Number of protein chains: 2
Amino acid sequence: MCHGRKMKAGLAFMTCTFQSGNLNPCHCNFLFPSPNPPLSLPTTLRSITSFGNPPALRTTSTYYNCNTNHLKQIHAGFATMASAYNPEQARVPAALPLATPPVTKFKIALCQLLVTADKERNIAHARKAIEEAAGKGAQLVLLPEIWNSPYSNDSFPVYAEDIDAGGDASPSTAMLSEVARTLKITLVGGSIPERCGDKLYNTCCVFGADGKLKAKHRKIHLFDIDIPGKITFIESKTLTAGETPTVVDTDVGRIAIGICYDIRFQELAMLYAARGANMICYPGAFNMTTGPLHWELLQRARAVDNQIYVATCSPARDASAGYVAWGHSTLVGPFGEVLATTEHDEAIVVAEIDYSAIELRRTNLPLEKQKRGDLYQLVDVQRLNSQSTKEVSSCHGFVCPNFKVQEDEPCLESRNISCRPSTVYPTLSRWGPANPREGSDTRGRATAATQP
Amino acid sequence: MCHGRKMKAGLAFMTCTFQSGNLNPCHCNFLFPSPNPPLSLPTTLRSITSFGNPPALRTTSTYYNCNTNHLKQIHAGFATMASAYNPEQARVPAALPLATPPVTKFKIALCQLLVTADKERNIAHARKAIEEAAGKGAQLVLLPEIWNSPYSNDSFPVYAEDIDAGGDASPSTAMLSEVARTLKITLVGGSIPERCGDKLYNTCCVFGADGKLKAKHRKIHLFDIDIPGKITFIESKTLTAGETPTVVDTDVGRIAIGICYDIRFQELAMLYAARGANMICYPGAFNMTTGPLHWELLQRARAVDNQIYVATCSPARDASAGYVAWGHSTLVGPFGEVLATTEHDEAIVVAEIDYSAIELRRTNLPLEKQKRGDLYQLVDVQRLNSQSTKEVSSCHGFVCPNFKVQEDEPCLESRNISCRPSTVYPTLSRWGPANPREGSDTRGRATAATQP
């Protein structure tokens with residue numbers, strides 16, 4: 001465990017990530033109100049910082065502590081990069097370390113289901129597929145986008161369920177909760193149309209092996225496209241977009257969620273990787289135009305660029321449906337390699353995930369350490385805004401006498417600790433589920449939030 | 001031409017992009033020092049702004065002017081998105097409009113050359129290929145990475161040339177300059193090892209049809225990878241990384257440059273698209289491991305995610321070389337579609353580019369308008385820092401009585417104008433060529449800089 005004892009107070013804003021182990025050195029980010037490095041920084045630290053950013057983003061990151069050897073190693077290995085190119089500044093706030101999952105190897109199942117207009121049948125059919133997947137050893141099961149309803153703006157209001165109310169108001173998620181608990185699996189429940197007040201969402205629920213709703217992702221980027229003569233669909237006619245990215249710690253690792261069109265936005269996947277995700281699951285129903293063009297390409301791109309696993313699950317193709325899905329549910333590894341896939345018919349794709357491949361590929365191609373934070377920076381707006389409000393005077397040997405110490409949810413091996421004056425951010429919002437009831441089971445009972 | 005007459009002063013920082021034509025509405029970015037919208041903003045403007053960002057990034061973008069119909073159209077078409085999701089904030093500074101190129105359709109040639117240890121032969125061979133390409137009608141010719149030298153850390157110092165000195169000190173670029181002028185073509189001259197003082201770079205020179213050096217890109221991300229038993233290469237043993245992205249306006253459109261490993265960093269391509277580039281050219285020599293895995297994948301990903309053209313040019317494969325190149329020089333369209341490619345032997349790939357496809361695809365999938373600036377923002381650090389120092393009291397009918405008006409280089413149809421108090425940025429650096437001699441021909445004579 002690293003300690004920040006050498007650090008002196010007197011900075012306007014400071015975020016440190018503490019990490020045990022040797023692979024990821026401790027580092028700190030600073031936001032300075034002035035263009036000059038604070039004189040209170042020890043010389044060894046000042047020598048590897050730079051201050052070329054504009055005041056609006058006067059963030060600088062530096063490695064400090066833990067002992068002389070550690071500092072020497074940093075200087076030797078990354079001196080040029082850390083000082084001149086500021087790779088850790090390429091994400092604001094600095095990227096969290098890759099989550100250490102409870103299991104390294106496990107089986108995932110992608111249930112490519114044929115969806116009909118009969119909701120009861122769809123629910124029973126999905127249950128049967130999940131049971132079959134679990135019977136094949138899957139500890140994580142993924143369902144398709146909109147698996148309980150035809151995919152159409154006409155159907156969404158008719159098939160929508162009140163997930164927060166749960167029970168009879170949401171028979172689809174009630175089934176998911178029950179089957180996850182019974183089979184003791186993690187379930188990324190594809191998506192269903194959700195009704196919340198007078199709004200409709202395209203929503204993915206993640207259930208833990210205890211049957212509790214661990215996260216709820218509402219599709220962030222609505223599918224509004226127009227390729228004349230090929231495919232025109234305007235989801236925003238009926239749906240409202242979600243307000244937050246979703247990352248959740250589960251029994252099978254830190255899983256990030258996107259739904260279909262969300263996969264087109266590379267920024268979201270970059271943000272998820274910087275939150276330490278092991279895998280992104282995209283339930284998605286690409287069509288007969290965009291499917292052959294882009295479905296596999298986008299999955300592989302997100303995986304190789306972010307060096308994480310990507311899993312997708314589509315409905316099976318029904319050529320007679322109003323919206324004809326491409327199918328081809330796929331698992332992609334952190335080198336962009338297709339590990340398992342299928343054609344367009346109903347199928348349960350079972351494949352093994354080995355998270356150690358992520359570290360291997362990041363060692364082969366250390367992209368994160370090679371980024372140019374001096375040239376580009378991806379800002380995770382909600383995480384930058386995020387604050388919990390625990391006020392203490394020290395933590396982990398880190399003393400901030402003049403500041404409130406605000407401590408985020410501890411997650412696995414890492415702790416994310418911020419020292420800042422209380423006046424810097426007049427309005428604070430915690431990053432995590434946008435809906436306060438998302439940390440609840442299907443009957444609205446509160447459960448522990450596990451957002452990293 | 002749009003005018004900002006309605007805009008009142010009183011803001012801390014304001015950047016406006018003025019654009020003629022109807023497709024790209026005028027827009028302004030504001031950086032506010034306070035959490036509240038300035039009362040001086042007209043109601044119509046305040047209604048489509050939001051102020052949810054942290055002060056460190058209190059940027060908000062809004063559309064304003066030019067007449068009531070324009071405002072109505074914006075309100076009707078993008079009201080929800082512009083107000084709630086701030087797509088224009090997904091790039092900081094706001095993305096420049098796509099450049100309007102001097103020609104819409106033209107032929108490009110990718111010269112996949114066999115490179116030997118004989119530098120004179122390499123230069124003569126490249127000249128012959130360029131002449132053949134021009135003979136086939138190519139107005140833009142692209143050469144491979146390191147085409148005058150074997151690709152090895154041992155060779156780089158030996159084959160390196162002093163490009164800034166030009167003439168006999170750089171026979172490779174002297175040839176490029178002369179052949180570009182003679183054939184009246186734009187030449188993206190692959191890359192050669194460059195010596196500058198005691199440093200070596202992997203450098204791409206872009207020559208205009210007048211033979212003048214229009215831009216010089218030094219590889220930003222050095223190729224340091226280690227896949228044991230497959231490929232290990234540490235470019236940083238001998239080379240220094242470049243300090244700036246490169247975008248240049250040419251007779252065949254606004255071209256951005258990356259070299260080989262640069263293509264792995266999606267942020268660079270995103271930044272280039274936000275600078276209005278029509279195309280990214282990547283001279284690159286992937287190898288027999290990463291080539292089949294990632295070469296085409298990365299090209300198609302950059303193209304489809306940013307909806308621009310991507311052109312690559314590799315050396316031909318020499319199985320007896322120390323570093324065996326993958327080949328497969330390729331042109332990819334803005335839908336991620338491979339338009340032309342080749343195998344690993346020597347080849348001149350000639351293909352037509354039609355820039356109107358970019359607008360078509362951006363109309364089909366309006367990704368730029370669908371981004372979530374409320375959730376993620378990519379910062380172009382150098383462009384954010386960029387300032388020229390022209391001080392006037394008004395421009396384009398835009399009056400800033402309390403501020404210096406700082407006017408960037410005009411580029412094509414657009415002007416980028418900033419009003420800001422002189423105290424905001426104590427240190428200013430102009431974005432564009434990092435090397436002051438980059439705006440020069442091969443003998444160091446100054447030429448007009450054309451960085452957008």
Side-chain angles (χ1 to χ4, degrees), chain A residues 13 31 35 52-59 80 84-85 90 92 220-222 224-227 236 241 243-245 264-268 270-271 293-294 297-298 300-301 304-305 335-337 363-367 370-382 384-385 424-427, chain B residues 13 31 35 52-59 80 84-85 90 92 220-222 224-227 236 241 244-245 264-268 270-271 293-294 297-298 300-301 304-305 335-337 363-367 370-382 384-385 424-427 429:
Chain A
F13 177 108
L31 272 173
N53 282 335
L57 280 171
R58 196 168 295 288
T59 312
T80 310
Y85 310 143
V92 180
I220 291 174
H221 303 90
L222 295 180
D224 291 352
I225 81 169
D226 179 24
I227 308 177
S236 62
E243 292 297 326
T244 185
R264 285 199 180 269
F265 297 83
Q266 56 192 324
E267 300 90 339
L268 183 63
M270 295 159 76
L271 177 158
L293 282 168
H294 298 151
L297 170 63
L298 292 169
R300 295 185 63 213
V304 76
D305 284 338
F335 228 32
E337 71 278 33
T363 305
N364 294 154
L365 278 75
L367 301 181
Q370 295 166 330
K371 290 189 188 294
R372 294 293 300 261
D374 59 330
L375 299 180
Y376 46 72
Q377 304 178 323
L378 184 84
V379 182
D380 179 340
V381 176
Q382 292 191 347
L384 188 63
N385 275 343
V424 169
Y425 287 97
T427 56
Chain B
F13 178 109
L31 274 173
N53 281 337
L57 279 172
R58 195 169 296 288
T59 312
T80 309
Y85 309 142
V92 179
I220 291 175
H221 304 89
L222 294 180
D224 291 351
I225 82 170
D226 178 25
I227 308 177
S236 62
T244 183
R264 286 200 181 268
F265 297 83
Q266 55 192 322
E267 300 90 338
L268 184 62
M270 293 159 76
L271 177 158
L293 282 168
H294 297 151
L297 170 63
L298 292 169
R300 294 185 63 212
V304 75
D305 284 339
F335 227 32
E337 71 277 33
T363 305
N364 294 155
L365 278 76
L367 300 181
Q370 295 167 329
K371 290 189 186 295
R372 295 292 298 262
D374 58 332
L375 300 179
Y376 46 73
Q377 304 180 323
L378 184 85
V379 182
D380 180 339
V381 176
Q382 291 191 348
L384 189 62
N385 275 342
V424 168
Y425 287 98
T427 57
S429 67

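Sequence lines set the chain letters: A, B, ... in the order given, protein chains first and strands last, and positions in each chain run from 1. What you see is a predicted model; the values in this text were computed from it and never measured.
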One pair to check against side-chain contact (heavy atoms from CB on, under 4.5 Å): A/Y376 and B/Q382. What are the steps and the verdict? CA-CA 8 Å; A/Y376 46 72; B/Q382 291 191 348; over 6 Å; no

Mind running side-chain contact (heavy atoms from CB on, under 4.5 Å) on B/I227 and A/F335 for me, showing each step along the way? CA-CA 12 Å; B/I227 308 177; A/F335 228 32; 3.8 Å; yes

Among B/D305, B/I225, B/L222, B/V304, who wins on heavy-atom pairs under 4.5 Å with chain A? B/D305

Residue B/L298 versus chain A: region with a heavy atom under 4.5 Å: side chain

Heavy-atom proximity to chain B below 4.5 Å, by part of A/L375: both

Intermediate values then yes/no, side-chain contact (heavy atoms from CB on, under 4.5 Å), B/L378 and A/E267: CA-CA 8 Å; B/L378 184 85; A/E267 300 90 339; 5.7 Å; no

Closest-packed option against chain B by number of heavy-atom pairs under 4.5 Å, given A/L365, A/T363, A/L367, A/L297: A/L297

Which atoms of B/F265 are under 4.5 Å from chain A, going by heavy atoms: the side chain, the backbone, both sets, or neither? side chain

Nearest-0.5 Å distance, CG of residue B/L271 to CD of residue A/Q377: 11.0 Å

Is there a donor-acceptor pair under 3.5 Å between the side chain of B/Q370 and the backbone N or O of A/D224? yes

With rounding to the nearest 0.5 Å, note down the distance linking NZ in A/K371 to CZ in B/R264. 11.0 Å

B/R372 side chain to A/I220 main-chain N or O, any donor-acceptor pair under 3.5 Å? yes

The interface call for B/L293 against chain A, heavy-atom contacts under 4.5 Å, is both

For B/R300 and A/R300: C-alpha separation, side-chain torsions, deciding distance, then whether side-chain contact (heavy atoms from CB on, under 4.5 Å) applies. CA-CA 11 Å; B/R300 294 185 63 212; A/R300 295 185 63 213; over 6 Å; no

In terms of heavy-atom proximity below 4.5 Å to chain B, should A/A241 be classed as side chain, backbone, both, or neither? both

Side chain of A/D226, backbone of B/N364: donor and acceptor closer than 3.5 Å? no

